[in-house]
Amino acid sequence: MTAEVNFDGLVGPTHNYAGLSLGNRASTANAGAVSSPRRAARQGLAKMRLLAGLGLVQAVLPPQQRPDPVVLRRLGFPAGTTNTDVARAAPELLPIVMSASSMWAANAATVSPSVDTADGRVHLTPANLCSTTHRSFEPEQTARALRAIFADRTRFEVHDPLPAAAAFADEGAANHGRLTTAHDQPAVHVFVYGRDADDPVVAQRFPRRQSRLAGELIARSHGLDPARTLFVRQSPVAIDAGAFHNDVVSVINEGVLLAHELAFEDRAALLDGLPGAVVVEVPAGLVPLEDAISSYLFNSQLVTLPDGTMTLIAPIEVDETPSTAAYLAAAVADPDHPIASSHTLDLRESMRNGGGPACLRLRVVMTDDERAALGARVVVDDGLLDELGSWVEAHYRDELRPEDLADPQLEQETLTALDELTAMLGLGNLYDFQR
Ligand code: SUG
């Protein structure tokens, strides 16, 4: 059977609040706050356990090594430079090289399932993430991890990330969705972008992270049918209100597009391009854009359960925001609304950095054979979730303050933890320090 597999980014041991993402209002608002890597990782594992318990196929992606020695060398530091050395030599770089931002796996890559590609293989392109400094360090390790997991070249192709230039700026699956009657059927691919290469330079409140060209290049390299790809501009109003990725204001699952009324610039063109889709637009009169962005209603995971109904996996902030709580209750009560049920989760550690349920997952639709060909033990069951839980308890700190990022112990703890993790997940010598 073909299934949508949700790969969640495992929160790394350096999870912290450094205020690194302009345009991501939660990130800015929580700069300098004390984080809890352990609680963050527990919350992430609880989400994976919930989805697996609902009968969905759930998998995990490993965190990245921080600081990354390859990045430090490229920044001109000598081999053997530690986090403590960086703190002494260039304190302003420390939060940037220590960020655990790879946990938001929706930005790891853009994925096209085999049913949609010309060569019948699954194609993945790691996102270059060149719009933010700290995230621009992710693509190399992402590519390495994806190549270890999707190692079978007869079934999978992991492309190189696009070059890290503004014209190719790519944020991965957070700005991409596939609309289809069922996961195993050919889909219309919707690529959402914030700017075009020839946009006039005008003053804007917040950066437009995704370029149209990036989506076009990826669609071509994946061998998607041009007649079934759509390029849609995000509304500048939404970006300037804090929707730095489109998955903050819309979500697609199979034949359903759930979106805020102000998510897209040209709604009419979008709706014309999606014949047969069930488009549920949430009016600003019911859910103001501000509430959509602070609660992350649309950053929920809309998933199809084994019984064929759809459930919404939402952050607890949706319950706590009157307009979104009312919208969701009414949706579930309405037999004609595609959301038949919902679950809310405490993901506050990630949410404080602007990462909700949908940010934490990368969707890969796979056939049984493709799943059986995965090159590592990444599909979770209760046993693996228990092992990961014990691993987090053993290695993660309860609290991390900004100054702790310079602690020499922290880097050592991280390496010990990652070394154990690669053995647990059968990932071989994934990390630079293991080579
Ligand atoms: O890229 N936050 C991430 C959140 C990513 C959310 N992903 C999706 N919407 N799919 C970002 O802005 C904050 C890190 C800090 O400030 O410490 C950060 O990188």
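Below, each value reflects all heavy atoms present in this structure, side chains not excepted, and no hydrogens, waters or symmetry copies. Indexing begins at 1, ligand by ligand and atom by atom, following the structure's order.
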Would you mind listing every salt bridge (Lys or Arg N to Asp or Glu O under 4.0 Å) that reaches into residues 237-249, with sequence neighbours excluded?
R208-D240
Looking at OG1 of T324 and OH of Y296, how far apart are the two atoms once the value is rounded to the nearest 0.5 Å?
13.5 Å
Mind checking what residues have non-hydrogen atoms under 4.0 angstrom from ligand 1?
N16, Y17, A18, G19, L20, S21, N24, S27, S101, W104, A106, N107, H134, R135, A174, R209, F244, H245, D247, N353, G354, C359
Assess whether a salt bridge exists between R361 and E4, defined as any Lys/Arg side-chain N lying under 4.0 Å from an Asp/Glu carboxylate O.
no
Spacing of M424 atom CE and W391 atom CH2 [to the nearest 0.5 Å]
6.5 Å
Can you give me the closest heavy-atom contact between D407 and Q409, atom names plus distance?
OD1-N, 2.8 Å
Would you call E393 and R42 a salt bridge, taking side-chain N to carboxylate O under 4.0 Å as the test?
yes
